[in-house]
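Data block below; observations after.
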Amino acid sequence: MPLQKKTRKMINDLLTLTLIEAGKALYGEKIPENIIQIQKTRPEFEGDLTIVVFPLLRISKKNPAQTADELGKYFVTNLENVVTYNVIKGFLNLTISNNYWLNFFNISKNQTDFGKKEITREAPVVIEYSSPNTNKPLHLGHIRNNLLGWSVSEILKANGENVKKVNLVNDRGIHICKSMLAWQKWGNGVTPASASKKGDKLVGDFYVLFDKKYKEEIAALTASGMEKEKAEKEAPLLVEAKQMLKKWETGDKEVRKLWAEMNGWVYDGFDVTYKRLGVEFDKIYYESDTYLLGKALVEEGLEKGVLFKKEDGSVWCDLSSDGLDEKLLLRADGTSVYMTQDLGTAQLRYNDYHPRELIYVVGNEQNYHFEVLRLILKKLGRPWAENIVHLSYGMVELPHGKMKSREGTVVDADDLMDEMYNTAKQTTEALGKYNDFTPVEADKLYHMLSLGALKYFMLKVDPRKTMMFNPAESIDFNGNTGPFIQYTHARIRSLVRKGKELGNNWQSVQYKDIEMAPKEKSLIKLLYDYPSTLEQAAQNFSPAMIANYVYDLAKEFNQFYQEITILKEEDSEKRNFRLALSEFTGNTIRAAMKLLGIEVPERM
RNA sequence: GGUCUCGUAGCUCAGCUGGAUAGAGCAGCAGCCUUCUAAGCUGCGGGUCGCAGGUUCGAGUCCUGCCGGGAUCACCA
């Protein structure tokens with residue numbers, strides 16, 4: 001951990017080293033690194049960085065004010081980057097020289113990969129996300145999943161990881177048989193083409209239809225005197241669906257053919273949604289390919305004696321020594337369950353990549369599942385089970401409560417994006433902006449803004465937390481939103497264009513001894529934080545940290561822009577400096593937004 | 001009931017390994033476009049950080065208990 005901290009901030013390292021020196025010089029004792037606390041100076045005080053002296057008192061054996069004062073003097077005389085200091089209570093506020101910040105600025109401003117790290121690690125990080133079922137279209141919950149998975153992948157890449165994005169499609173099981181059966185019975189041969197409907201929507205409709213007819217059957221059976229539980233099990237439709245699943249498992253040609261066809265429709269539909277959302281995968285796994293491997297693992301477990309068979313033939317894993325229950329792995333009839341398939345998928349993925357980390361972006365409702373998955377793999381003698389990370393994100397709630405397909409409160413992914421698009425269009429038109437855009441340009445902008453709003457809204461919240469999705473708020477384009485940041489970028493690009501038109505040339509200049517206004521300095525200091533923010537976001541798998549950072553940056557820039565003249569500044573060095581600062585800020589905004597999967601416009 | 005998790009302004013959220021007077025946005029009110037894009041900026045009001053103890057020089061942050069919400073404990077996935 002201290003190592004991580006070390007690489008984070010150059011100036012912090014310098015201060016830490018000097019403080020340790022100071023401890024020896026002034027008090028004859030080595031200050032342990034873990035009690036050194038350096039933080040940003042609060043804006044209401046003078047200074048850039050602050051050392052908290054309370055923990056140091058046991059070494060100085062003096063009161064806080066005196067200790068801080070002695071240390072402050074030491075810093076000023078021994079570290080050229082520290083120009084002055086002040087002491088308030090137990091806090092030593094240090095002011096760092098302008099040239100330190102300017103030096104950072106000169107080095108970084110033209111870097112196209114500012115903040116990023118080279119890919120140095122060979123062993124990949126495999127990240128699974130999306131993981132749809134093929135019986136229903138993608139909805140709001142999937143959107144959070146997809147955006148998180150995508151963004152975390154990008155953040156890890158930017159931190160030097162060799163990332164492989166994978167999807168696991170749950171393409172087999174009773175659910176898809178239900179859709180198939182309903183299509184056979186009531187579909188009249190309809191296809192996505194003949195119905196002019198996205199394939200995932202069409203198949204989803206038949207899933208809903210099955211449920212409706214099934215409920216009718218149950219109602220009829222209970223009306224004729226059957227008990228509800230029995231009716232639920234014996235309704236002819238369900239029995240038929242189960243038979244179909246059996247046929248599927250035995251490889252019945254007709255069933256397999258229909259299955260392949262209908263899943264194909266769904267994939268075509270998913271592709272459209274994925275493309276629009278801007279997510280993609282390096283590899284797609286299908287459970288129909290992995291469940292057999294899962295079964296093989298269960299056999300292995302039986303041979304090794306870590307699993308056991310009950311009298312009815314079902315296979316279990318005893319986890320009571322781990323404080324959990326027994327877990328079923330194969331049904332009495334020999335068919336596999338979710339866990340069986342996931343064991344197989346994990347093994348396959350390990351074989352494919354030998355990853356140093358296996359990340360699963362899956363909702364927190366499956367925390368138990370992943371705990372068990374890890375345990376069973378360990379019992380099966382797979383040491384890499386330790387490398388499984390469950391990126392457990394919180395549910396998305398609506399103002400009325402949880403999304404429930406049965407109650408029609410599901411927010412469909414495609415519909416949501418359509419709505420956002422229309423809002424972007426209306427908002428832009430209402431503001432009367434850029435009527436000179438061609439239809440193609442306008443379409444591109446609306447697409448960018450609508451997705452920017454949606455993605456930013458979803459990603460700015462800590463992934464682990466349950467989040468509230470209020471449609472009315474999510475389409476807001478003011479304040480802490482994606483479009484606000486996109487707007488800031490467009491403003492900067494406008495400045496850059498005009499700056500060039502006016503013949504300014506700021507890029508090759510090295511800036512020294514410039515007297516900085518507070519807003520200029522605070523902007524540079526914020527830019528200085530970007531690399532460490534990126535590192536923290538990767539450590540925490542948290543796009544929210546990037547989102548909050550880039551919002552702060554945009555806000556800071558807007559204040560700077562409001563307060564300080566740029567193009568009309570008469571001193572050319574200052575003018576160039578401000579243009580360079582603006583461009584650097586714009587580039588950082590663009591890079592950070594890219595990690596969230598959000599594009600930024602040149603004009604808006 | 002067991003396990004896990006969350007509780008910060010009217011609403012949605014920040015608050016890094018414990019540090020200074022807890023911050024944004026939205027909503028409300030009041031200002032700022034003859035000057036670089038007003039999707040912006042400035043100001044005002046709004047809080048016993050669920051409650052009670054504890055550890056500490058110092059707790060929104062760590063520990064314990066309680067209250068309240070959520071998830072999970074399937075021969076569903």
Side-chain angles (χ1 to χ4, degrees), chain A residues 1-2 4-5 8 34 37 39 41-42 44-45 50 52-55 57-58 64 88-91 93 131 133 135 170 173-175 287 310 312 314-316 323-325 327-333 335-339 341-342 363-369 371 392 394-395 397 399 402 427-428 430-431 433-434 449 457 460-462 464-470 472-474 476-481 483-488 490-495 498-499 502 532-533 536 539-540 544-545 547-548 551-552 554-555 558-559 561-569 578-579 582 603-604:
Chain A
M1 213 267 287
Q4 286 288 8
K5 260 175 82 173
R8 248 204 263 171
N34 61 9
Q37 290 184 55
Q39 53 190 273
T41 303
R42 294 196 150 219
E44 61 265 35
F45 303 108
T50 295
V52 185
V53 300
F54 294 110
L57 301 183
R58 63 182 161 98
I88 295 170
K89 295 185 191 170
F91 299 90
N93 301 322
S131 324
N133 292 346
N135 63 328
N170 177 231
I174 190 77
H175 58 274
E287 282 191 5
K310 286 195 179 173
D312 64 359
S314 57
V315 180
W316 299 74
L324 303 172
D325 279 337
K327 181 75 190 175
L328 176 87
L329 293 176
L330 279 182
R331 296 188 184 103
D333 65 2
T335 56
S336 65
V337 293
Y338 178 44
M339 184 59 78
Q341 300 165 28
D342 243 15
N364 61 17
E365 57 198 352
Q366 292 192 33
N367 287 351
Y368 180 75
H369 172 80
E371 199 181 334
S392 164
M395 298 289 101
E397 284 180 2
K402 242 190 127 177
T427 308
T428 305
L431 287 167
K433 292 209 167 192
Y434 296 109
L449 294 181
F457 187 86
K460 74 175 172 181
V461 180
D462 184 335
R464 293 179 296 273
K465 289 192 178 170
T466 304
M467 71 172 288
M468 175 63 62
F469 184 85
N470 187 329
E473 278 173 26
S474 68
D476 199 341
F477 286 13
N478 301 314
N480 189 356
T481 66
F484 165 80
I485 296 159
Q486 291 171 314
Y487 172 73
T488 307
R491 266 182 154 181
I492 291 172
R493 297 309 299 169
S494 173
L495 271 177
K498 287 190 177 155
L502 294 168
S532 61
T533 303
Q536 275 184 50
Q539 279 166 30
N540 293 294
M545 288 184 170
N548 288 319
Y551 171 67
D552 286 341
K555 199 172 160 57
N558 279 322
Q559 289 167 1
Y561 178 89
Q562 188 80 17
E563 218 170 272
I564 291 173
T565 307
I566 300 166
L567 291 172
K568 293 196 172 151
E569 168 61 45
R578 288 169 191 170
L579 279 163
S582 300
R603 298 167 72 202
M604 72 177 269

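Being a predicted model, the structure only gives us computed values, none of them experimental. So you know, we letter chains A, B, ... as the sequences are listed, proteins then strands, and number each from 1.
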Query raised in the report: Tell me, for nucleotides 72-77 of chain B in 5' to 3' order, what letter each nucleotide earns: B for a base near a protein heavy atom under 4.0 Å, S for only sugar-phosphate near one, - for neither?
Result: SS-BSB

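- When heavy atoms are screened at a 4.0 angstrom cut-off, A:V52 is found touching base atoms of the nucleic acid.
- Residues meeting the side-chain contact (heavy atoms from CB on, under 4.5 Å) test with A:T466, sequence neighbours left out: A:E397.
- Evaluation of the side-chain hydrogen bond (donor to acceptor under 3.5 Å, both in side chains) rule for A:K310 yields A:E326 as partners, not counting sequence neighbours.
- Residues passing the side-chain contact (heavy atoms from CB on, under 4.5 Å) test with A:N540 are A:Q536, A:S542, A:M545, sequence neighbours excluded.
- Scanning for side-chain contact (heavy atoms from CB on, under 4.5 Å) contacts around A:Q559 gives A:K519, A:K555, A:E556, with sequence neighbours left out.
- The salt bridge (Lys or Arg N to Asp or Glu O under 4.0 Å) check on A:E371 picks up nothing, with sequence neighbours excluded.
- When rounded to the nearest whole Å, the span between CD of A:Q39 and C1' of B:U61 equals 14 Å.
- Between B:C32 and A:Q562, no contact under 4.0 Å exists linking OP1 or OP2 to a side-chain N or O.
- Across all strands, A:T50 comes closer than 4.0 Å to base atoms (heavy-atom distances).
- Applying the side-chain hydrogen bond (donor to acceptor under 3.5 Å, both in side chains) test to A:Q341 and every residue at least two apart in sequence or in another chain returns nothing.
- Put simply, A:F54 rests on the base of B:G19: the two rings are less than 5.5 Å apart at their centres and nearly parallel, under 30°.
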Which atoms of nucleotides 21-29 of chain B (N or O only) lie under 3.5 Å from a protein N or O atom, and what are those distances?
unit_1: B:U21; atom_1: OP1; unit_2: A:K89; atom_2: NZ; d: 3.1
unit_1: B:A24; atom_1: O2'; unit_2: A:Y551; atom_2: OH; d: 3.0
unit_1: B:G25; atom_1: OP1; unit_2: A:K555; atom_2: NZ; d: 3.1
unit_1: B:G25; atom_1: O2'; unit_2: A:N480; atom_2: N; d: 3.2

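- Here A:D476 pairs with nothing under the salt bridge (Lys or Arg N to Asp or Glu O under 4.0 Å) rule; sequence neighbours left out.
- Partners of A:R491 under the side-chain contact (heavy atoms from CB on, under 4.5 Å) rule, at least two apart in sequence or in another chain, are A:Y487, A:N558, A:Y561.
- Using a 4.0 Å heavy-atom criterion, one finds that A:F91 contacts the bases of the nucleic acid, with or without backbone contacts as well.
- Among the heavy atoms of the strands lying under 4.0 Å from A:M467 are primed sugar atoms or P, OP1, OP2 only; no base atom is included.
- Using a 4.0 Å heavy-atom criterion, one finds that A:P55 contacts the bases of the nucleic acid, with or without backbone contacts as well.
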Query raised in the report: So what's the dot-bracket for RNA chain B: Watson-Crick or G-U pairs under 3.5 Å, [ ] if a pair crosses, | if it pairs off-strand?
Result: (((((((..((((.....[...)))).(((((.......))))).....(((((..]....))))))))))))....

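- At the heavy-atom level, A:N135 lies nowhere under 4.0 Å from the strands shown.
- A:R331 is linked by a salt bridge (Lys or Arg N to Asp or Glu O under 4.0 Å) to nothing, counting only residues two or more places apart in sequence or in another chain.
- Residue contacts shown for A:L57 are absent, as no nucleic acid heavy atom lies under 4.0 Å away.
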